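Order of the sequence lines fixes the chain letters, A, B, ..., with proteins taken first and strands second; residue numbering starts at 1 for each chain. Since the structure is predicted, the reported quantities are computational estimates derived from the model, not experimental observations.
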Amino acid sequence: MTHRYGAVVGAEQPSRGQAVIHPERWRWCEAAAAARADGFDQLLDLTAVDYLTYNADRQLPAEVAPERFEVVAALISHQRGERLRMRAQVPADDPTVATLFDLWPGAESLEREVYDMFGIVFEGHPDGSRILMPEDWSGHPLRKDYDTGRIPVQFKAASNVR
Amino acid sequence: MTLIDKDEPAAAASAAPAPAPSADSAPSAKPAGGPLAGSERVSRREPSAVLRMSEAEAAAIGGDPQDPDDDELVLLNMGPSHPSTHGVLRLMLELSGETVLRSKPVIGYLHTGMEKTGESLSYLQGGTNVTRMDYASPLFNELAFSLAAERLLGVEAPERATWIRMLMCELNRVSSHLLFMATNGMDLGAVSMMIYGWREREEVLRFFEKVTGLRMNHNYIRPGGVAADLPADWRDDVAELIELIEPRLAEYDTLLTGQPIWRERLQGVGVINTAEALALGATGPLLRSTGMAWDLRRDEPYLFYDQVDFDVIVGSYGDCYDRYAIRLNEIRESLRIVSQIIEAMPAGDYRIQDKKVTPPPRARIDASMEALIHHFKIFTEGFKVPPGEAYAAVESPRGELGVYLVSDGSATPYRVHVRAPSFVNLQTLPHLMAGGLIADGVAVISSVDPIMGEVDR
């Protein structure tokens with residue numbers, strides 16, 4: 001089986017104990033809805049990864065074109081005791097993906113955090129504001145090109161005074 | 001004021017029994033003031049219990065929303081520095097008189113970018129970072145992180161190490177729930193309970209100090225095993241602990257469980273049902289209080305939980321009282337597990353004998369140059385972890401604590417994400433508080449038991 005819930009199934013299956021599917025970005029919500037109808041009754045986690053400086057093989061199936069961002073959701077079916085991870089590729093020039101709020105209202109805080117930290121916009125989200133950083137903050141801290149700032153270290157012999 | 005203005009699809013509506021009102025109908029649905037009857041309280045579970053208002057908007061209103069239908073409508077700020085908000089939780093409350101209509105948890109006051117920090121720490125140092133997230137149950141953070149790292153490494157901790165992990169985690173669950181007993185009592189005016197809860201917790205922490213060297217933030221559970229073996233007389237210490245705590249739990253029962261005042265304050269307050277809890281992502285005692293028996297220790301056994309005998313405690317009303325009773329009885333179950341571990345603990349290694357992840361023993365360093373170099377390398381550069389991604393979840397005292405690790409083959413994780421149960425559970429707060437009094441809100445915050453360290457990370 002190479003397709004599940006209309007999405008490509010992960011190259012390595014299962015991936016370290018858990019099933020993985022790679023829905024296309026525009027089918028993100030549909031795949032989640034199909035999984036929900038199939039018994040995955042809770043959205044446990046939603047996060048993102050910025051693969052900007054990733055140096056290793058992404059281990060994606062051949063059909064999936066890698067993009068800079070990846071939105072990752074963890075679903076669970078309590079009845080079957082089964083987990084499912086959804087990974088969607090999100091391009092840097094259009095970092096948007098549909099919200100899962102309508103399927104699980106619990107996506108609200110998780111998606112706000114992903115927006116706050118990665119600048120990925122969830123279309124249709126009821127409150128697309130920042131959650132951890134101050135409201136007037138600029139930039140998205142967990143992006144790999146975010147300047148983290150430094151504390152100057154005063155060593156007598158330090159040549160790299162910053 | 002921004003209310004939810006979208007039509008709820010059938011899927012979400014099934015989770016929220018009351019239909020979502022439109023922006024226009026909301027003011028008329030508000031009570032005239034004063035407490036609501038119990039049945040009304042349960043029915044007000046619409047998504048609009050969540051106040052979605054920015055700081056700027058709130059500042060513009062200035063505490064007075066100016067509603068012609070309700071002249072008792074105020075916008076009240078509670079926290080972040082407030083004795084009953086468990087650290088630095090801040091709530092924006094929309095009140096009609098003393099009744100909470102909508103609310104918004106404002107978080108981030110403790111945000112220090114720990115997930116970002118985790119990207120520059122090696123897998124051995126990673127434990128020192130994650131252990132500070134849920135500071136009331138630090139060992140669970142370390143455990144989830146270590147399990148995820150071990151999944152990537154493809155190694156498994158030896159048997160004794162696994163039993164030690166279980167022993168320490170169950171004792172940590174005891175100390176964490178004792179802390180809850182203390183703060184829950186304090187929040188509701190049973191101030192003597194605070195002293196008792198802290199007193200018993202301190203005894204558990206004393207044992208942790210003996211084993212790990214620290215009362216909190218241990219960095220004891222590490223990829224490949226644990227940092228050190230148990231002290232020689234650990235069995236006596238643990239048996240003493242059980243002997244000490246068990247009768248105290250009976251005293252708590254006398255002090256609180258049967259007390260009419262205690263019951264009055266908690267029963268029927270902050271009610272949630274299973275469908276709502278699932279929809280909002282709630283896990284742990286919050287989910288179990290609704291009657292759903294889901295505990296990762298039993299349902300997705302990790303470590304050796306399938307070899308010990310314990311019960312999953314569930315509630316039936318989903319209220320604050322159920323969550324109190326669940327945690328109290330989970331202490332008993334944890335002690336039951338601990339006494340089985342005393343019997344079951346095998347001899348053997350406390351960490352994996354894999355040169356890749358384990359530093360050489362101290363004695364070898366004095367004798368061998370290679371061992372010294374190896375030791376130095378592991379603690380300066382760390383060990384390389386094969387590329388890939390892994391998610392590991394454990395049942396922390398607050399719910400499912402998951403760690404999602406992405407490795408690019410280097411010695412530091414490419415991405416560390418922690419699925420913090422408090423962060424997700426906090427979403428239920430507006431729904432639990434809606435329609436109740438402010439004083440009940442304090443009980444609700446307490447019974448959700450959020451630890452702000454892991455909420456803000």
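The cationic group of Lys144(A) lies under 6.0 Å from the six-membered ring centre of Tyr414(B) and within 45° of the ring axis, placing it in a cation-pi geometry.
Contact annotation for Ala277(B): only backbone heavy atoms (N, CA, C, O) come within less than 4.5 Å of a heavy atom of chain A. In this structure, chain A has no heavy atom under 4.5 Å from any part of Val106(B). With a 4.5 angstrom heavy-atom cutoff, Asp50(A) touches chain B only via backbone atoms. Asp456(B) touches chain A through backbone and side chain together, each having a heavy atom under 4.5 Å away. For Ala33(A), no part lies near chain B; criterion is any non-hydrogen pair under 4.5 Å. If you measure heavy-atom distances from Glu135(A) to chain B, the contacts under 4.5 Å come from the side chain alone. Only the backbone of Leu43(A) comes within contact range of chain B, judged by heavy atoms closer than 4.5 Å. Contact annotation for Glu115(B): both backbone and side-chain heavy atoms come within less than 4.5 Å of a heavy atom of chain A. In this structure, the portion of Arg143(A) lying under 4.5 Å from any heavy atom of chain B is its backbone and not its side chain. With a 4.5 angstrom heavy-atom cutoff, Tyr404(B) touches chain A only via side-chain atoms.
Shown here is Glu30(A), whose CD atom has more than 12 heavy atoms of other residues, nucleotides or ligands within 6.0 Å.
Residues Phe423(B) and Leu110(A) have side chains in contact (heavy-atom distance under 4.5 Å, counting atoms from C-beta outward). Side-chain contact between Val406(B) and Tyr54(A) is present, with heavy atoms from C-beta onward closer than 4.5 Å. Taking the side chain as every heavy atom from C-beta outward, Leu142(A) and Glu119(B) approach each other to under 4.5 Å. At least one side-chain heavy atom of Trp294(B) sits less than 4.5 Å from a side-chain heavy atom of Ile76(A). By the 4.5 Å heavy-atom criterion applied to side chains, Leu278(B) and Trp104(A) are not counted as neighbours.
Among Arg87(A), Gln59(A), Arg58(A), Gln18(A), the single residue meeting the side chain to side chain donor-acceptor pair (under 3.5 Å) criterion with Glu389(B) is Arg87(A).
The residue among Met292(B), Arg457(B), His417(B) with the most heavy atom pairs within less than 4.5 Å of chain A is His417(B). Chain A forms more heavy-atom pairs under 4.5 Å with one residue of Leu110(B), Val455(B), Asp408(B), Asp299(B) than with any other, namely Asp408(B). If you tally non-hydrogen atom pairs under 4.5 Å between each of Ala282(B), Gly402(B), Gly409(B) and chain A, the highest count goes to Ala282(B). If you tally non-hydrogen atom pairs under 4.5 Å between each of Asp57(A), Asp136(A), Thr53(A) and chain B, the highest count goes to Thr53(A). Highest contact tally toward chain A, considering only Pro421(B), Ser410(B), Gly154(B), Ser407(B), is held by Ser407(B) [criterion: heavy-atom pairs under 4.5 Å]. For the set Arg419(B), Glu55(B), Glu300(B), the count of heavy-atom pairs under 4.5 angstrom toward chain A peaks at Arg419(B).
The pair Arg83(A)-Glu400(B) meets the salt-bridge criterion, since a charged nitrogen lies less than 4.0 angstrom from a carboxylate oxygen.
Taking all atoms of both residues into account, the shortest heavy-atom contact from Tyr391(B) to Arg85(A) is CB-NH1, 3.3 Å.
In this structure, Met53(B) CE and Ser129(A) OG are separated by 12.0 Å, a value rounded to the nearest 0.5 Å. Note that the OG1 atom of Thr283(B) and the CG atom of Asp45(A) stand 10.5 Å from one another [nearest 0.5 Å].
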Report the C-alpha distance between Arg52(B) and Glu108(A) in whole Å, list the side-chain angles of each, state the deciding distance to 0.1 Å, and finish with yes or no for salt bridge (Lys or Arg N to Asp or Glu O under 4.0 Å). CA-CA 11 Å; Arg52(B) 297 191 175 91; Glu108(A) 182 170 351; 2.7 Å; yes
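Gln42(A) contributes no side-chain N or O that, together with a main-chain N or O of Ala279(B), makes up a donor-acceptor pair within less than 3.5 Å.
Defined by atom type and a distance below 3.5 Å, a donor-acceptor pair is present between the side-chain atoms of Arg415(B) and Thr47(A).
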